[in-house]
> 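Okay, here's the structure, questions in a sec.
What you see below is based on every heavy atom in this structure, not just the backbone, and it leaves out hydrogens, waters and symmetry mates.
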Amino acid sequence: TRSADDSIASSLFPNSDRSDSLEYLPECLYDGGVIVFTHSMSLKPDDKFFTSGKLQLSAMEIMVDEINIAPRCGVMVGGKNYSITLKTFGDDSCKEKVAAIASGPMSKYFNDQFWVGPYSSGLTEQMSKIANATGRVLLAGGAASTSVFASRPTVFGTLPPTSNYLSHAVE
């Protein structure tokens with residue numbers, strides 16, 4: 001789990017006293033609490049999507065750190081400041097495990113409204129069904145198949161849909 005901390009700042013100033021180096025940064029106050037992004041990811045080196053999943057997770061951790069440190073100090077929602085954190089579950093690059101995680105701990109035991117899909121359309125499709133059915137917002141950053149998004153208004157992605165991959169070549 002990643003939350004507001006100064007680990008990224010510490011890595012920027014490895015040979016100096018952290019308190020002196022960061023003295024100019026204001027302290028962050030989170031009067032709104034924490035917004036949690038819950039996701040499954042291929043975490044084991046033997047997982048099929050480990051390399052891509054590891055890169056995706058690293059990018060998310062950098063994003064969370066960058067948002068949470070000063071001067072941003074989180075996100076402002078409704079006049080209150082919230083920190084962001086990640087809650088990660090290992091999915092073993094397995095569709096059945098993604099479905100079990102999404103229908104079990106992600107939807108039953110935690111009240112997290114924001115989910116991040118794993119790498120690959122096949123894995124993310126399992127999660128998108130459950131996210132949409134439970135009203136969770138799912139960012140499917142590693143999926144492009146139109147079946148992940150079709151008739152699921154709470155699911156959105158960052159990649160162009162696969163149906164557009166060859167459209168320019170055909171023209």
> Lys54: what forms a salt bridge (charged side-chain N to carboxylate O under 4.0 Å, His left out) with it, not counting sequence neighbours?
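Checked Lys54 against salt bridge (charged side-chain N to carboxylate O under 4.0 Å, His left out); zero matches.
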> For the residue pair Lys97 and Gly90, what are the closest heavy atoms and their distance?
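Shortest heavy-atom contact: CE-O, 3.3 Å.
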> Which atom names give the shortest non-hydrogen contact between Ile101 and Ser40, and what distance separates them?
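Minimum heavy-atom separation between Ile101 and Ser40: CD1-CB, 4.2 Å.
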> Any ion pair linking Asp92 and Lys44 (charged N to carboxylate O, less than 4.0 Å)?
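So Lys44 pairs with Asp92 through a salt bridge.
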> Let me confirm one number: the CG-CE distance from Asp91 to Met41, rounded to the nearest 0.5 Å.
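If we round to the nearest 0.5 Å, Asp91:CG and Met41:CE are 7.5 Å apart.
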> Would you indicate whether the side-chain heavy atoms of Leu57 and Leu43 approach each other to under 4.5 Å?
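Of all side-chain heavy-atom pairs linking Leu57 with Leu43, at least one is under 4.5 Å.
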> Could you tell me which non-hydrogen atom of Val148 sits nearest to which non-hydrogen atom of Ala140, and how far apart they are?
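The pair with the smallest heavy-atom distance is CG1-CB, 4.2 Å.
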> Where do Ala143 and Phe149 come nearest, in terms of heavy atoms and distance?
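Reported closest heavy-atom pair: O-CZ, 3.8 Å.
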> What distance do Ile69 atom CD1 and Ser83 atom OG have between them, rounded to the nearest 0.5 Å?
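Between Ile69 CD1 and Ser83 OG, I get 13.5 Å after rounding to 0.5 Å.
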> In terms of hydrophobic clustering (I, L, V, M, F, W, Y; side-chain heavy atoms under 4.5 Å; direct or indirect links), are Val137 and Leu159 co-clustered?
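As far as the 4.5 Å side-chain criterion goes, Leu159 and Val137 are not connected within one cluster.
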> For the pair Arg152 (side chain) and Ala133 (backbone), establish whether a donor and an acceptor sit closer than 3.5 Å, ignoring hydrogens and angles.
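No; zero donor-acceptor contacts below 3.5 Å.
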> Say you draw a straight line from CE of Met63 to CD1 of Ile67; how long is it, rounded to the nearest 0.5 Å?
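So the gap between those two atoms works out to 4.5 Å.
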> Might you point out which heavy atoms bring Phe89 and Thr38 nearest each other, and give the distance in Å?
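Residues Phe89 and Thr38, closest heavy atoms: CE1-CG2, 3.5 Å.
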> Please report the interatomic distance CD(Glu96) to CG(Leu123), rounded to the nearest 0.5 Å.
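Here the interatomic distance stands at 9.5 Å.
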> Given Phe156 and Leu139, is the side chain to side chain contact (heavy atoms under 4.5 Å, CB included) satisfied, shown in steps?
CA-CA 5 Å; Phe156 64 98; Leu139 170 59; 3.5 Å; yes
> Dump the intermediate steps for side chain to side chain contact (heavy atoms under 4.5 Å, CB included) on Trp115 and Thr134, then the final yes or no.
CA-CA 11 Å; Trp115 292 1; Thr134 60; 4.3 Å; yes
> Which residues pass the ring pair (Phe, Tyr, Trp, His ring centres under 6.0 Å) test with Tyr82, not counting sequence neighbours?
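Ring pair (Phe, Tyr, Trp, His ring centres under 6.0 Å) check on Tyr82 returns nothing, list empty.
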> Treating Asn81 as the side-chain partner and Leu29 as the backbone partner, does any N or O pair qualify as donor plus acceptor under 3.5 Å?
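Flag set: sc Asn81 to bb Leu29 pair under 3.5 Å.
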> Can you check whether Arg136's main-chain N or O pairs, donor with acceptor, with Thr154's side chain at less than 3.5 Å?
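The answer is yes, because a donor-acceptor pair under 3.5 Å joins these two groups.
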> Is there a donor-acceptor contact under 3.5 Å from the side chain of Ser93 to the main chain of Phe49?
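Checking the backbone N and O of Phe49 against the side chain of Ser93, a donor-acceptor pair under 3.5 Å is found.
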> What's the separation between atom OH in Tyr30 and atom CD1 in Ile84, rounded to the nearest 0.5 Å?
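Interatomic distance, Tyr30 OH to Ile84 CD1, rounded to 0.5 Å: 9.5 Å.
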> Looking at Pro160 and Ala144, what are the two nearest heavy atoms and their distance?
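For Pro160 and Ala144, the tightest heavy-atom pair comes out as O-CB, 3.4 Å.
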> Ser145 pairs by side-chain contact (heavy atoms from CB on, under 4.5 Å) with which of Ser128, Ser120, Ser121?
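Answer after filtering Ser128, Ser120, Ser121: Ser121.
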> Under a single-linkage definition using a 4.5 Å side-chain heavy-atom cutoff for Ile, Leu, Val, Met, Phe, Trp and Tyr, are Val77 and Phe114 assigned to the same hydrophobic cluster?
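Yes: a chain of side-chain contacts under 4.5 Å links Val77 to Phe114.
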> Do Pro118 and Met127 touch side chain to side chain, with heavy atoms closer than 4.5 Å?
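Of all side-chain heavy-atom pairs linking Met127 with Pro118, at least one is under 4.5 Å.
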> I'd like to know whether Gln56 forms a side chain to side chain contact (heavy atoms under 4.5 Å, CB included) with His39, so could you lay out the CA-CA distance, the side-chain angles of the two residues, the decisive distance to 0.1 Å, and finally the verdict.
CA-CA 11 Å; Gln56 189 175 355; His39 65 110; over 6 Å; no
> Rounded at 0.5 Å granularity, tell me how far CG in Leu138 sits from CZ in Phe37.
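Leu138 CG to Phe37 CZ: 11.0 Å, rounded to 0.5 Å.
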